[in-house]
Amino acid sequence: MTSENLRRVVSHVLLIAVAIVFLGPLVYAVSTSLKPADEVFTPTPHLFGSQLRWQNYADAFTFAPFGKYFLNSLFVAVTGTLVVVCASSMSAYAFARLKFRGREQLFVLFLGTLMVPQEVLIVPMYWLMQSLGWVDSYWALILPWAFTAFGTFLLRQFFLTVPAELEEAARVDGCGPFRSFLRIMLPLARPAIAVLTVFTFISFWGSFLWPLIIVNSVEDKGTVPLGLAQFIGQQGTQWNLMMAASIMAMIPTVLLVVLLQKHLVRGLLVTGLGGR
Amino acid sequence: MLNETVAPAENVRSGRRPALRKDGRYASVFLAPSLGGLALFTLFPTAMALAISLFDWPVFGERKFLGFGNYSHLLSDPVFRRVVLNTGLFVALYVPLNVIVSLGLATWLGPKIKGRQAFRVLFFIPVMTPMVANVMVWRLLFQPGGLLDAGLSSWFGIHAPNFLGSSNWAMPAIVAMSIWQGFGYNFLVFSAAIDQVPQSQLESAQIDGAGPFQRFRYVTWPMITPSLFFATTMTLITSFQVFAQPFILTQGGPGVATQTIVMYVYNQGWQFLSMGLASAAGWVLFVIIMGITAIQFVGQRKWVNYDV
């Protein structure tokens, strides 16, 4: 019994050590973000500089227009997520509940599009955006990635688990597909929609390659990752400001993970899937 | 054709032809946004990518049909060959290490450990934060004079190698950063799978004298193979698409030592403005990913149990 207890204590101590190593880079980033510029590189590592320079966070905003980047990212991520959730819940309902010709074939086609990596699409997508006159626009940041089959697939799985009797009773009472979709299916699918929302929001928020390509006027249409990348290549990188900006870019997602952890774990568990 | 012959039979069977047609009209409304979006933004560009890859397609100026010219150029381009090797090396290092770390920790953090919920949240944070922010933090960490260098020299009196500037260290540094960033996802998937393993079976195995390794091998492993298959397949696919880590940590350097296929696509398309070559490289990546996925799916019969 005592050896069992000892093992458990050792196990917990080791786990805490793992957690500290894992957190190291983040702690280092926070500590650097609060140091004066000339104390970032010291011969021995220090957690704190001679003062806690909260001013760095404000300075990051003047170094680059981060306020603008945050608003752009927020707008793109919120609008994109809305489109994804609306479009995929509608098509998921059709695949799960409506009977129509060629349903299976169309569904296979939807799933097939999941195989195509973004990298294959970026060249023709850029050309398409050029043809539409959308280069350097919010349209181009939002629409091309707002119609993935992933959401359709995920929500269809949930709709299939809803007992058909629920809907049939409503239909007998004269409730059409639109009303039963809005009144019965959508409210029931709330946990699945929460998972899809979080994954979509995060992937828009962190997206880097496409904005790098499609945005020309970074000061005007730049998103947060593009703004961060502005820090490299600048002469005499200001590491303390860069870390302050990186930490600020992480805050929304960290909050989301902490607030929605139960939904996330459950969503992963039930679907066995994840975002891109 | 097949469709037309099957559908009426179904109608006769269900005897509700008008209702079926009505459903069809509703379905087209429900499907319109997704179908339109996918057609315009995925199906059409996929076909278009193949077409563009057959042309000399500058961003500005005249287009010229080349046939498979871009593809033969890629085969003979030493940079592209190096880039494919680099990507392969990244995948070969990243995928097994990611699975070992995430599966190891998920097994260790079994249902008996207190505070595992906190660990799940903790390890998941870098997965969800913008990749660029994570990479920035590690760039500082790897910098000469950064935490790794300063720590080694002040505690052990040795200088760290110039991780990002050395052709020997740059790729391992990128892999290490990527594992820190990404293992939390598989960790969560494996944790969820391990939670499903009945404690009673593990306990009866223990009573029968099975050690921790045997319990894992004969009780846990068979039950989590579907999750393992899913996780390794997804990790393989996404790791071939590595871009932001080398782009920001090393700019592909030193030389082209850490340049990856996606970086090559980006450079050809948006630095050298050769869309045809970029598109061809993108298709090569697509074919590699499809091939690897197909091999995975064929191979799964040998080791994945769906019926336990």
Side-chain angles (χ1 to χ4, degrees), chain A residues 19 22 25-26 28-29 32 41-45 87-88 90-91 93-94 98-102 113 115-117 119-121 123-125 127-128 143-144 146-147 149 152 177 202 205-206 208-209 213 224-225 228-229 232 239 242-243 246 249-250 253-254 256-258 261 265 268-269 272 274, chain B residues 3 7 20 23-24 26-27 30-31 33-34 37-38 41-43 45-46 48-49 52 113 119-125 128-133 136-138 140-141 145 147 150-151 153-154 180 185 188-189 192 227 230 241 243-244 248 262 265 269-270 275 278-279 282-283 285-286 289-290:
Chain A
F22 184 79
L26 290 177
Y28 184 49
T32 305
F41 296 110
T42 48
T44 47
S88 21
M90 284 171 69
S91 50
Y93 179 79
L98 300 175
K99 296 186 184 75
F100 57 93
R101 254 181 221 182
T113 62
M115 292 241 354
V116 185
E119 288 74 26
V120 178
L121 295 177
V123 172
M125 198 73 91
W127 175 80
L128 184 65
L143 286 182
F147 298 97
T152 303
I202 301 270
W205 183 263
F208 178 55
L209 178 61
I213 286 167
V224 168
L228 286 179
I232 53 166
W239 290 98
M242 189 207 257
M243 286 306 115
S246 301
M250 290 176 179
T253 45
V254 171
L256 222 51
V257 174
V258 172
Q261 44 139 328
V265 175
L268 277 172
L269 210 146
Chain B
N3 203 358
L20 196 84
D23 253 13
Y26 282 120
F30 275 103
L31 283 170
S34 284
L38 276 178
F41 295 123
T42 302
L43 294 178
T46 307
M48 197 65 204
I52 293 177
I113 298 279
F119 282 102
R120 285 178 173 178
V121 175
L122 182 67
F123 295 147
F124 206 59
I125 284 172
M128 297 295 253
T129 47
M131 177 68 99
V132 177
M136 290 292 181
V137 171
W138 279 72
L140 172 62
L141 209 66
L147 183 62
S153 62
S154 65
W180 177 85
Y185 184 79
L188 211 57
V189 172
S227 299
F230 168 75
Q241 298 164 304
F243 173 72
I248 293 173
V262 180
V265 172
W270 286 272
M275 293 296 194
S279 209
W283 259 94
L285 177 66
F286 189 18
I289 290 176
M290 280 196 291

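Ranked by heavy-atom pairs under 4.5 Å with chain B, the list A:Val258, A:Thr32, A:Leu143, A:Val224 is led by A:Leu143. Considering only heavy-atom pairs separated by less than 4.5 Å from chain A, the leading option among B:Ile52, B:Leu147, B:Leu31 is B:Leu147. Contact count versus chain B (heavy atoms, under 4.5 Å) is highest, among A:Ala249, A:Pro25, A:Ala149, for A:Pro25. Chain B forms the most heavy-atom pairs under 4.5 Å with one residue out of A:Pro124, A:Gly206, A:Ala87, and that residue is A:Pro124. Comparing B:Ala49, B:Ser153, B:Ser34 by how many heavy-atom pairs each has under 4.5 Å with chain A, the most go to B:Ser34. Of the listed residues (B:Leu122, B:Leu43, B:Val265), the greatest number of heavy-atom pairs within a distance under 4.5 Å of chain A belongs to B:Leu122. Between chain A and the options B:Thr46, B:Leu38, B:Thr42, B:Val121, heavy-atom pairs under 4.5 Å are most frequent for B:Leu38. When the candidates B:Ser154, B:Ala278, B:Gly282 are compared by the number of heavy-atom contacts under 4.5 Å with chain A, B:Ser154 comes out ahead. Annotation: maximal heavy-atom pairing with chain B below 4.5 Å, among A:Pro225, A:Pro45, A:Ala29, A:Ser246, occurs at A:Pro45.
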Test side chain to side chain contact (heavy atoms under 4.5 Å, CB included) applied to A:Trp127 and B:Met48, step by step
CA-CA 10 Å; A:Trp127 175 80; B:Met48 197 65 204; 3.6 Å; yes
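At a 4.5 Å heavy-atom cutoff, the contact between B:Leu285 and chain A is made by side-chain atoms alone. The parts of A:Met250 that come within reach of chain B are both its backbone and its side chain, each placing non-hydrogen atoms under 4.5 angstrom from that chain.
Side chains of B:Leu140 and A:Met242 form no contact here, defined as non-hydrogen atoms less than 4.5 Å apart. Between B:Trp180 and A:Leu26, some side-chain heavy-atom pair lies under the 4.5 Å cut-off.
Counting all heavy atoms, side chain and backbone alike, A:Thr253 lies closest to B:Pro130 at OG1-CD, 4.0 Å. In this structure, A:Ala229 and B:Val132 approach most closely via the heavy-atom pair N-CG1, 4.3 Å. Between A:Val257 and B:Met128 the shortest heavy-atom distance is CG2-CG, 3.4 Å. Closest approach of A:Ala19 to B:Phe119, counting heavy atoms only: CB-CE2, 3.7 Å. The two residues A:Pro117 and B:Phe286 come nearest to each other via the heavy atoms CD-CD1, 3.3 Å. The two residues A:Trp239 and B:Met136 come nearest to each other via the heavy atoms CZ3-O, 4.3 Å.
Going from atom CZ of A:Phe208 over to atom CE of B:Met131 covers 10.5 Å, rounded to the nearest 0.5 Å. The structure places CD of A:Glu119 at 4.5 Å from CD of B:Gln241, a figure rounded to the nearest 0.5 Å. Separation of atoms CZ (B:Phe243) and CG (A:Leu209) is listed at 4.5 Å; rounding is to 0.5 Å. Atom CD1 of B:Ile125 sits about 8.0 Å away from atom CZ of A:Phe22, to the nearest 0.5 Å. Note that the CZ atom of B:Phe41 and the OG1 atom of A:Thr113 stand 14.0 Å from one another [nearest 0.5 Å].
Annotation: side-chain hydrogen bond (donor to acceptor under 3.5 Å, both in side chains) contacts of B:Thr129 (sequence neighbours excluded): B:Asn134. With sequence neighbours excluded, the residues that form a side-chain hydrogen bond (donor to acceptor under 3.5 Å, both in side chains) with A:Thr152 are A:Ser91.
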